[in-house]
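Below is one structure; the comments refer to it alone.
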Amino acid sequence: MQNKLISQVSFSFIDTETTALCPSEFGRICEIAVIKIGPGGQTHNLSSLINPQVPIPKSATAIHSITNYMVENKPTFDRIVPSLTHLMQGSVLVFHHAGFDVPFLEHEFTNAGLKFPNATVLDTLKYARKHGAFKSNSLGNIVSELGLSNDGWHRALADAKMTKEVFFHFVDKFKKMGFKTLGDLIHLQTKKLTSPITAKD
């Protein structure tokens, strides 16, 4: 798998919105979005509000604008997990700050009586920290510095789209530097290049 050319890999860009900062604080997912792009460029999307089965505190609503009223009649996570698993299957999973999203997803899969898929995970936040020179490595700021819109920031589908844009920004630069495989992308999450990749490169 790691020897595959980047052009031969399917990528699923995933973002979640939650009721708290971590599952240990009784946090649950209240919105999820996935954008899957296949090797041929074909795209499949999933975007759904989720009834988290716990109250959404005002502090969380202040960030993502999702209210209890908005989710009360929406499906619970176990109802959307078949579609989610289908999109994740055979894909490299890409997040901006995987350390936030993945524990929530693992928790939700466990609650649904399932195991989180064993998949390669890439993190655009790691690329930004290792190879970028942005004023801030927040997703909305990076996209803004790239000259792209960050409208809808902190909503799952908008953030998944922004993660995709940031990912391919770095991939394009990596390819020009001779990095061509999935293994290269995995390695570049921890390898620091001699000069940063900026929005102007």
Side-chain angles (χ1 to χ4, degrees), residues 11-36 44-89 91-129 136-144 149-167 189:
F11 296 99
S12 288
F13 303 91
I14 305 175
D15 187 78
T16 64
E17 301 302 329
T18 64
T19 65
L21 294 178
C22 62
S24 64
E25 297 177 356
F26 305 101
R28 301 292 301 271
I29 292 175
C30 59
E31 187 177 43
I32 191 164
V34 185
I35 301 171
K36 181 175 182 178
H44 302 279
N45 293 358
L46 167 69
S47 177
S48 179
L49 287 165
I50 294 173
N51 184 334
Q53 300 177 288
V54 298
I56 302 174
K58 292 180 179 179
S59 57
T61 298
I63 296 171
H64 49 50
S65 302
I66 299 170
T67 66
N68 290 293
Y69 174 76
M70 291 167 63
V71 301
E72 64 179 0
N73 294 317
K74 298 301 179 181
T76 52
F77 188 87
D78 60 304
R79 298 289 299 276
I80 64 96
V81 77
S83 298
L84 174 61
T85 302
H86 178 71
L87 287 179
M88 296 169 74
Q89 188 174 11
S91 284
V92 171
L93 311 182
V94 186
F95 301 86
H96 189 82
H97 195 1
F100 178 86
D101 295 281
V102 171
F104 274 100
L105 285 165
E106 290 175 335
H107 182 69
E108 295 288 359
F109 269 78
T110 298
N111 283 346
L114 300 168
K115 186 176 180 181
F116 185 68
N118 183 20
T120 298
V121 172
L122 298 178
D123 191 339
T124 53
L125 178 60
K126 291 182 178 180
Y127 292 143
R129 287 174 172 171
S136 161
N137 289 323
S138 68
L139 181 59
N141 179 73
I142 292 173
V143 170
S144 179
S149 171
N150 61 9
D151 288 350
W153 185 17
H154 292 309
R155 289 299 301 268
L157 183 58
D159 285 4
K161 289 177 179 178
M162 286 188 265
T163 299
K164 175 176 67 74
E165 297 290 347
V166 173
F167 177 75
Q189 292 186 112

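Here the structure is a predicted model, which means the values were calculated and not measured. Sequential numbering from 1 along the given sequence is applied to the chain's residues. Only this structure's heavy atoms are used, side chains among them; waters, hydrogens and symmetry mates stay out.
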Got [X] and [Y] here, is their nearest side-chain heavy-atom distance under 4.5 Å?
{"X": "R28", "Y": "N111", "result": "yes"}
{"X": "S149", "Y": "V143", "result": "no"}
{"X": "E165", "Y": "T124", "result": "no"}
{"X": "I50", "Y": "K74", "result": "no"}
{"X": "L105", "Y": "L93", "result": "no"}
{"X": "L87", "Y": "I14", "result": "no"}
{"X": "I32", "Y": "F104", "result": "no"}
{"X": "F95", "Y": "T163", "result": "no"}

Could you check whether atom CD of Q89 has more than 12 heavy atoms from other residues, nucleotides or ligands sitting under 6.0 Å from it?
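Atom CD in Q89 is not packed in, count stays at 12 or less.
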NZ/K164: more than 12 non-hydrogen atoms of other groups inside 6.0 Å |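 Atom NZ in K164 is packed in, count exceeds 12.
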N/O donor-acceptor pair under 3.5 Å between [X] side chain and [Y] backbone:
{"X": "S144", "Y": "G140", "answer": "no"}
{"X": "Q189", "Y": "D123", "answer": "yes"}
{"X": "D159", "Y": "H154", "answer": "yes"}
{"X": "E106", "Y": "F116", "answer": "no"}

Can you name the nearest heavy-atom pair linking [X] to [Y], along with the distance?
{"X": "S65", "Y": "M70", "result": "O-SD, 3.4 Å"}
{"X": "P75", "Y": "L49", "result": "CD-O, 3.9 Å"}
{"X": "A128", "Y": "N137", "result": "CB-OD1, 3.5 Å"}
{"X": "S138", "Y": "H96", "result": "C-NE2, 4.0 Å"}
{"X": "P103", "Y": "P23", "result": "O-CG, 3.8 Å"}
{"X": "V71", "Y": "P52", "result": "CG2-CD, 3.6 Å"}

Exercise for review: Take the angle between the ring planes of F167 and Y127 and call it parallel below 30°, perpendicular above 60°, tilted in between.
Suggested key: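 If you compare the ring of F167 with that of Y127, the planes turn out tilted.
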Pairwise distance [atom1]([X]) to [atom2]([Y]) - rounded to 0.5 angstrom:
{"X": "N51", "Y": "I56", "atom1": "CG", "atom2": "CD1", "value": "8.0 Å"}
{"X": "F100", "Y": "T16", "atom1": "CZ", "atom2": "OG1", "value": "5.5 Å"}
{"X": "M162", "Y": "R155", "atom1": "CE", "atom2": "CZ", "value": "11.5 Å"}
{"X": "I29", "Y": "D15", "atom1": "CD1", "atom2": "CG", "value": "9.5 Å"}
{"X": "T18", "Y": "H64", "atom1": "OG1", "atom2": "NE2", "value": "6.0 Å"}
{"X": "E17", "Y": "D101", "atom1": "CD", "atom2": "CG", "value": "8.5 Å"}

Open item on the list: Checking L157 against I35 for the side-chain contact (heavy atoms from CB on, under 4.5 Å) test, could you report, in this order, the C-alpha distance in whole Å, the side-chain angles of both residues, the deciding distance, and whether it holds?
Closed with: CA-CA 8 Å; L157 183 58; I35 301 171; 4.3 Å; yes
Does N68 have any side chain to side chain donor-acceptor pair (under 3.5 Å) partners at least two apart in sequence or in another chain, and if so, which?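 Checked N68 against side chain to side chain donor-acceptor pair (under 3.5 Å); zero matches.
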